[in-house]
Asks: 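Can you read through this structure? Questions will come right after.
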Amino acid sequence: MAELTYRAAVAAGIAQEMERDPNVVLIGEDVGAAGGVFKLTEGLLERFGPERVRDTPISEQAIVGAAMGAAMTGLRPVAELMFSDFFAVAWDMVANQIAKTRYMTDGQVSLPLVLRTANGAGLRFGAQHSQSIENWAMAIPGLKVVAPATPADVVGLMAAAIRDPDPVIFCEHKALFAVKGEVPDGEHVVPLGQAAVVREGSDATIVALAAMVPRAREAAERLAADHGISAEVIDLRCLVPLDAHTILASVSKTSRLFTVEENPRLCGWGAEIVSLVADEGFYSLDAPIVRITTPHIPLPSAAALEDLALPTVERIVETVRRRLDEAR
Amino acid sequence: MAELTYRAAVAAGIAQEMERDPNVVLIGEDVGAAGGVFKLTEGLLERFGPERVRDTPISEQAIVGAAMGAAMTGLRPVAELMFSDFFAVAWDMVANQIAKTRYMTDGQVSLPLVLRTANGAGLRFGAQHSQSIENWAMAIPGLKVVAPATPADVVGLMAAAIRDPDPVIFCEHKALFAVKGEVPDGEHVVPLGQAAVVREGSDATIVALAAMVPRAREAAERLAADHGISAEVIDLRCLVPLDAHTILASVSKTSRLFTVEENPRLCGWGAEIVSLVADEGFYSLDAPIVRITTPHIPLPSAAALEDLALPTVERIVETVRRRLDEAR
Amino acid sequence: MASAPPQIDRETQLRMYRIMVDCRTFEERAQELFFEGLVRGTTHLGIGQEAVAAGVAAAMRNDDYTFCTYRGHNHTLARGVPMAPIFAELFGRATGLMGGKGGSMHLTSVKHGAMGSYAIVGAHLPIALGAAWSAQYRKSGQVAVCFFGDGTTNIGAFHEALNMAAVWKAPVVFFCENNQYMEYTPIREVTAVEHPAADRAAAYGLDSILVDGNDVEVVHRVAKTAIDRARAGDGPSLIEAVTYRHGGHSRADPGKYRPDDEVAAWKARDPVPAYRQQLLAQGVGETELEAIDGDAREAVAAAEAEARPAPEPAADVLETQVWTDGGSAWRN
Amino acid sequence: MASAPPQIDRETQLRMYRIMVDCRTFEERAQELFFEGLVRGTTHLGIGQEAVAAGVAAAMRNDDYTFCTYRGHNHTLARGVPMAPIFAELFGRATGLMGGKGGSMHLTSVKHGAMGSYAIVGAHLPIALGAAWSAQYRKSGQVAVCFFGDGTTNIGAFHEALNMAAVWKAPVVFFCENNQYMEYTPIREVTAVEHPAADRAAAYGLDSILVDGNDVEVVHRVAKTAIDRARAGDGPSLIEAVTYRHGGHSRADPGKYRPDDEVAAWKARDPVPAYRQQLLAQGVGETELEAIDGDAREAVAAAEAEARPAPEPAADVLETQVWTDGGSAWRN
Ligand SMILES: Cc1ncc(C[n+]2csc(CCOP(=O)(O)OP(=O)(O)O)c2C)c(N)n1
Ligand SMILES: Cc1ncc(C[n+]2csc(CCOP(=O)(O)OP(=O)(O)O)c2C)c(N)n1
Ligand SMILES: [Mg+2]
Ligand SMILES: [Mg+2]
């Protein structure tokens, strides 16, 4: 076991796969000589050379389109979009081309590619550099969506994403870059579509993703310590494929469901999970399902406002406590 | 009262507002000389002249961006995106610029503009010309989202959308263009954010939008006639602002909720409504909430497949009947 | 592009003629079948533009890649894709080239190098660049050819793809078929330069290449030069070929926005009979050409006969092939 | 652009000098405050590029529109926006120019014609075109000026905006500040032409205009000509001004990817002292310039002093100003 930052785990995960498969190539703005603007790809150019690690112009449509064309002709490209907000500039390539081509061609075309991106808020970058776009991707059939919360999962899910024969949107959370964690030695692969129960509990299920996982976890500890509430915390890890079993099993045990979502309120992944449980898990439910989200607003840049916007540990604790009380 | 097609109602609605306010201008590909590829803007160039009705190159980013720049400096532009799928090409302009600028500038900028588009399936146009993108827009804070189901609502909601001081995504459904309906004489305005209960009922609430409204309505008639089930049908009309009151009031009466959604399954507007009811209407609910949707797949072009993909009257009837039976 | 034009051998000439006649015959029948209601959805014909598809295809290696648009029947046929599955796709049948999932606008046959028809204007230029980059990386010697219209030169993806292809010296040929209209609007009314592609080549450090798109031999020569250049590692080209579609933009569009005399003048320059005349003048026998014409008629009739009775897709394919495992499961 | 350069009057010269010094003094302090942790998030400085903001602003009418990027402090100050609210915005305070909602990358002051700073590369070119179109429609005589970097010339929105502006003859001036780097990558490594904007003007039927961006008078003259042209109804211009940023791209970037001698050479051409020298040589008194320098120091100090103690935004503004009614309600 080595301790790595989430940041270093990104490069480690990519390197593991580039080492293994010469068809894995990396492109993006400043991914090469500069090692990435967040230093997420540091050392890869030196190690794998300019044929495999290519700097591009500011041309997101061309970056994503080129990744698609390369994937359909034998490569396994990994393309970086520097900030996830920039998916909007290339959304046609992602949502209309990459997501749909396999189906439209009845399986003639496979698109083994990964679009990686720095996602999420917390750095006071304002509304155009802080978004959580995982639900944009989840809403589009034909895309797999991954959002790791720990360095080990960064490596393991990156490996699975690169090996996956289908397109994967891989969201690396900016607020977690400096977080450290143990990463298993040797080849590490975490299969897509398996949520992790990161804390067991019996009174309520809290489902979270990426940067909301440590917050949900801390909230659960406080709920236990301060309020005697035993919360189970699930780290989704992937939105597509979605580990519906783990969620439904947990709710059938706890009878109560909360989501903790960084995305703006409407049509997030939480709404999908609520819908799943309100249908298939309805008879297990004891109380209203509650989503704890960012309000439906663009993200403000001032530290004081950004901190208020995102679900905090306090808000999670308070909401769970109050809603459980009400339901008693 | 005049009988108009949904198609003619589009031009009529725009004309009513252009007549009223000289700052209303229309741009888009082939909207002028050709009267629109779906003939939705027929006659407007002749009536209002080339200064107010402008043909553009195939440059969706420039079209939408120009609408934004014009709106922030005194005009009330209406921009057409020929097919709603093309929102993807201009998604940065819509989701990152138009939606966020008022908030980011703390209210210095108002963006009274309408982005109109031919939305939805049914014409066998395949995966890149048949999508329902209203949930893409609903997921973005700062956008209002309208999707009329009748000619009268096309006129009335178009008027409200153009008069609205904020950006509105206006989805005109391709499968409804030929549908006829009465439109009130004189100035007709339907306020945004008011759903319509298009059929009263007591056993179940069925919420639908746009082309799914007539299907839900017909299904309700058949449920009554063939199965003695009294279904209330709500035409949402707007996703943002959302008429939560009408939905919650209906569910508190019927205790059962179904959505009928044309969008692919995940993260649609239905998931948002389910989440609303699973929280605020939980104690009214008698049975699981059920979403009747297109599967989570790109849309196929073959008639046989497209017909299977979208919720049909039969599927609605069957689903409601079976799920009510199960819940008994 | 000044090197002396190489002679085109007889075999290639006849191959190009055959492609043109096949395309023309196929599309004329497709149009009739659209009006009969057999072709559903939409259809965009390339009648009048066959010289481009034929001239370029005859300059390609079997393993080269073609990327084209919704107006892609000709380019797809030109790569040797059989007619019956194309008809079946147009009819929405189970035996369609993509099983009825794609439709007229998305014809694809990877095994023929027909890497897809793209229906969002401009999208396939970056994708073609990507295939070229892949060929470059794999040192396979393959070239990607990307066809698009005049209207496409005004969209952002065009610009991004051209610049990146030039910087990467990618083996890709961007081929603009300037048929002078974007749907119903004349291209000159919405474009800041006279030649929408050729006048922009310099913006990417490329030569300006403007040719007659109705002369199949001219097209063939310019394509061959560009493809050879790309294969040799000398980077991309941007070619503009001026041509005309005889009919409307799509479906039932009668194309009434075009002046009658303009249409008449271009029909008088119809590339198919023009090439027939040229070949006759060069000593090709009438019977040989008639045989080709007859083959085309027979092939189209046979393909239609094969496609017509084919069944509609079965319900159980609706949710297949979203993923490479053949399914569409998004959850466990 | 061949007409003889008009003389620049003393008042305008001093105004330009004042803007440059204000910008420089403000940004140097902003950088210190970033390192002190007072400026949060990110910040992109234009130190070294002040001649552009100053030269252009002095050629604008009060009601003209400025559109700029995340590197927009200079362009915003140049329009007369006061320093205190800008500092407060950088600090994330309630008294910030946008109440703390926008941040360093989105400075906007509509009442000064500073129509926003845009942080997605290329987005504001179409938006500026839209403002120009609006001015044209309203016959207001206003002109929109849009500033952007060299790297921006490779994104699709650039292409779309330039073409549409040219076709519409919109009163907009596209001003490329070629500081030779897109973040950390030299622009020449990712661009197919030497002059990323000037070499592409012809693709939009525009004149190629390449100027020294470190000479404020050169900038002023070329801007004035372009703005006058736009105001007269003669359409858009695309100007490329070659310049250099002294520091890194943003935040704590030391800019180490640039050769030392390159940095040194450009610092030796620092536009602020250069213009000071030029004015002195033209007979402007040292004391007059010193007064301007002193004013700038005082203004910056006063602004900082005003902004520092300002409160953080109150919780109740979090959900305001999504809609024009002041709120953010998405439901009843
Ligand atoms: C991004 C986008 N915008 C608009 C359309 C609608 N559309 C389809 S074809 C077409 C005209 C394309 O013109 P051109 O590139 O000249 O090709 P042609 O049809 O003449 O072959 C338009 C506007 C589209 N498919 N995609
Ligand atoms: C669409 C998009 N891609 C990438 C970025 C990240 N980014 C911010 S600034 C920048 C460099 C821009 O270079 P240039 O246009 O030369 O402007 P400069 O920063 O040099 O002033 C990049 C790549 C972005 N903001 N938007
Ligand atoms: Mg054309
Ligand atoms: Mg730059």
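Small disclaimer: the values here were computed from a predicted structure and weren't measured. So that the names make sense, note that chain A is the first sequence line, chain B the second, and so on, each numbered from 1.
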Asks: If you count heavy-atom pairs within less than 4.5 Å of chain B, which of C/H106, C/Q321, C/M98, C/E312 leads?
Replies: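 That would be C/H106.
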Asks: Considering only heavy atoms, which portion of C/E189 lies under 4.5 Å from any heavy atom of chain B: side chain, backbone, both, or neither?
Replies: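 No part of C/E189 comes within 4.5 Å of chain B.
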Asks: Are any of the side-chain heavy atoms of C/M105 and B/H129 separated by less than 4.5 Å?
Replies: yes
Asks: Name the member of C/A315, C/A329, C/A94, C/G96 that forms the most heavy-atom pairs with chain B at distances under 4.5 Å.
Replies: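 It is C/A315.
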Asks: Find the distance between CZ (B/R124) and OG1 (C/T42) and round it off to the nearest 0.5 Å.
Replies: 13.5 Å
Asks: Heavy-atom cut-off 4.5 Å, strictly under: side chain, backbone, both or neither for C/R251 against chain B?
Replies: side chain
Asks: Anything in residues 48-58 of chain B with a heavy-atom distance to chain C below 4.5 Å? Please list those residues in order.
Replies: B/D55, B/T56, B/P57, B/I58
Asks: Roughly how far, to the nearest 0.5 Å, is the CH2 atom of C/W330 from the CZ atom of B/R265?
Replies: 6.0 Å
Asks: So which of B/S59, B/G126, B/S130, B/A33 has the biggest tally of heavy-atom pairs under 4.5 Å with chain C?
Replies: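 Of B/S59, B/G126, B/S130, B/A33, B/S59 has the most heavy-atom pairs under 4.5 Å with chain C.
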Asks: Considering only heavy atoms, give the residues of residues 180-187 of chain C separated from chain B by less than 4.5 Å, sorted numerically, with 'none' for an empty result.
Replies: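 Residues C/M182, C/E183, C/Y184, C/T185 are the ones that qualify, each having a heavy atom under 4.5 Å from chain B.
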Asks: Looking at C/S328, C/G103, C/P313, which has the largest count of heavy-atom pairs under 4.5 Å with chain B?
Replies: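 Among the listed options, the one with the most contacts to chain B is C/P313.
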Asks: Could you tell me which residues in residues 297-309 of chain B have at least one non-hydrogen atom under 4.5 Å from a non-hydrogen atom of chain C, sorted by residue number?
Replies: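 If one takes a 4.5 Å heavy-atom cut-off, the residues of residues 297-309 of chain B near chain C are B/I297, B/P298, B/L299, B/P300, B/S301, B/A302, B/A303, B/A304, B/L305, B/L308, B/A309.
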Asks: With sequence neighbours left out, what residues match C/F34 under ring-ring contact (aromatic ring centres under 6.0 Å, His included)?
Replies: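 So C/F34 forms no ring-ring contact (aromatic ring centres under 6.0 Å, His included) with any residue.
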Asks: What part of B/V37 is in contact with chain C, defined as an atom under 4.5 angstrom from a non-hydrogen atom: side chain, backbone, both or neither?
Replies: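 Both parts, backbone and side chain.
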